[in-house]
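What's counted below: heavy atoms across the whole structure, side chains too, no hydrogens, waters or symmetry copies. Numbering starts at 1 and runs along the sequence shown.
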Amino acid sequence: MRFLTKVFLIPALLIAFNGCRSRDVVLAPQIASLVGTWRLVEPDSSYTVTLTFALDTANPPLDITPFLANGKSSVNDYNVRLFATIDGMMSAENLGSTKKAGTLKATEFEQRYFTNLRAVVRFDMITPDKLRLRHGGESPHFMIYERVN
């Protein structure tokens, strides 16, 4: 009888306590401020380049907040997974893009942009509407965006 009590009581308690846990995700203000659409303004704004941060709701944040990001570059649309931490660290992985043809100049610009985006290591908010991404790609080692919405 004791065995049956343990077999049924322990899982019931685990389910009850698990159900009490809040499912709402609370983001740190500096992480929450990333959500939205940004437009590249420096170092080169020859083309309209956007970057949109959306929370990856399938993977709620713990110590690292995942984002499903996407945007439009000089030639192609792109998507990338970005990961941010409360201390300003950021990394990118799985950058993919459409494969449209463009001018040589626009394509070279886009490849530099993608190289730099893949090499992102830090982010900081210069102002509430200005974001700086630091990277290890080509010089200069930053990209500055202004908030679109």
Side-chain angles (χ1 to χ4, degrees), residues 10-149:
I10 292 174
L13 288 173
L14 289 174
I15 290 169
F17 286 121
N18 198 23
C20 293
R21 224 183 296 161
S22 174
R23 300 241 190 267
D24 295 332
V25 174
V26 178
L27 295 176
Q30 61 268 45
I31 299 288
S33 65
L34 292 171
V35 174
T37 300
W38 301 84
R39 181 179 49 84
L40 181 69
V41 293
E42 289 183 46
D44 183 353
S45 60
S46 303
Y47 301 93
T48 301
V49 175
T50 61
L51 175 62
T52 301
F53 287 85
L55 285 176
D56 180 357
T57 56
N59 297 294
L62 295 172
D63 294 333
I64 299 172
T65 302
F67 291 94
L68 297 174
N70 64 71
K72 171 84 173 98
S73 185
S74 55
V75 179
N76 291 288
D77 298 323
Y78 68 93
N79 56 58
V80 61
R81 287 185 50 88
L82 293 169
F83 301 90
T85 63
I86 196 167
D87 64 352
M89 300 295 284
M90 182 173 274
S91 65
E93 68 177 33
N94 299 332
L95 189 140
S97 69
T98 55
K99 303 294 181 205
K100 300 176 196 168
T103 66
L104 180 60
K105 188 175 176 182
T107 302
E108 288 173 348
F109 173 91
E110 182 172 85
Q111 289 311 308
R112 276 192 310 277
Y113 176 71
F114 288 164
T115 296
N116 294 340
L117 189 58
R118 281 185 193 100
V120 163
V121 293
R122 293 198 65 77
F123 75 93
D124 59 283
M125 301 301 292
I126 299 169
T127 68
D129 293 325
K130 203 167 253 190
L131 167 67
R132 178 176 32 220
L133 298 183
R134 297 178 188 271
H135 61 81
E138 297 181 24
S139 285
H141 296 288
F142 64 87
M143 295 181 288
I144 296 178
Y145 298 80
E146 287 182 348
R147 184 180 298 280
V148 175
N149 66 23

Set of side chain to side chain donor-acceptor pair (under 3.5 Å) partners for Tyr113, sequence neighbours left out: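 With sequence neighbours excluded, Tyr113 shows a side chain to side chain donor-acceptor pair (under 3.5 Å) to Tyr78, Tyr145, given in chain and number order.
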For Asn59, give me all partners under side chain to side chain donor-acceptor pair (under 3.5 Å), at least two apart in sequence or on another chain.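 Asn59 satisfies side chain to side chain donor-acceptor pair (under 3.5 Å) with Asp56 only.
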Taking only residues two or more places apart in sequence or in another chain, which ones pass side-chain contact (heavy atoms from CB on, under 4.5 Å) with [X]?
X     : result
Asp87 : Thr85, Met89
Val35 : Leu55, Phe67
Ser45 : none
Ala92 : Val80, Leu82

Discussion item. Any side-chain to backbone donor/acceptor pair from Ser73 onto Val75? Under 3.5 Å, distance only.
Written reply: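 Looks like no, no N/O pair under 3.5 Å.
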**Message:** For the backbone of Asn76 and the side chain of Thr98, can you confirm whether one donor and one acceptor N or O come within less than 3.5 Å of each other?
**Reply:**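 Pair absent, no side-chain N/O of Thr98 close to backbone of Asn76.
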What distance separates [X] [atom1] from [Y] [atom2], expressed to the nearest 0.5 Å?
X      : Y      : atom1 : atom2 : value
Arg81  : Leu68  : CZ    : CG    : 5.5 Å
Phe53  : Ser33  : CZ    : OG    : 9.5 Å
Ile144 : Trp38  : CD1   : CH2   : 11.5 Å
Phe109 : Asp44  : CZ    : CG    : 4.5 Å
Leu133 : Asn116 : CG    : CG    : 10.0 Å

Which atom names give the shortest non-hydrogen contact between [X] and [Y], and what distance separates them?
X      : Y      : result
Gly36  : Arg147 : CA-NH1, 4.3 Å
Ala84  : Phe123 : CB-CE2, 3.7 Å
Met143 : Pro43  : CA-CD, 4.2 Å

Could I get the full list of salt bridge (Lys or Arg N to Asp or Glu O under 4.0 Å) partners for [X], not counting sequence neighbours?
X      : value
Glu146 : Arg39, Lys130
Arg122 : none
Arg132 : Asp124
Arg118 : none

Problem set entry | Residue pairs, two or more places apart or on separate chains, that pass salt bridge (charged side-chain N to carboxylate O under 4.0 Å, His left out) and touch residues 100-111 |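 Residue pairs passing salt bridge (charged side-chain N to carboxylate O under 4.0 Å, His left out), neighbours aside: Asp77-Lys100.
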### Message
My understanding is that only one of Ile31, Ile86, Leu27 makes a side-chain contact (heavy atoms from CB on, under 4.5 Å) with Pro61; could you say which?
### Response
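Checked Ile31, Ile86, Leu27 against Pro61; only one passes side-chain contact (heavy atoms from CB on, under 4.5 Å): Leu27.
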Knowing that exactly one of Leu40, Leu34, Val41 qualifies, which makes a side-chain contact (heavy atoms from CB on, under 4.5 Å) with Leu131?
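It is Leu34; the other options fail the test.
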Under 3.5 Å, sequence neighbours excluded: what are the donor-acceptor pairs made by side chains of residues 134-142?
| from | atom 1 | to | atom 2 | distance (Å) |
| --- | --- | --- | --- | --- |
| His135 | ND1 | Gly137 | N | 2.9 |
| His135 | NE2 | Pro140 | O | 3.2 |
| His135 | NE2 | Phe142 | N | 3.4 |
| Ser139 | OG | His141 | NE2 | 3.3 |
| His141 | ND1 | His135 | O | 3.4 |
| His141 | ND1 | Gly137 | O | 3.0 |

Legend entry - Ile126, CD1 atom: more than 12 neighbouring heavy atoms under 6.0 Å: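 It does: Ile126 CD1 has more than 12 such atoms within range.
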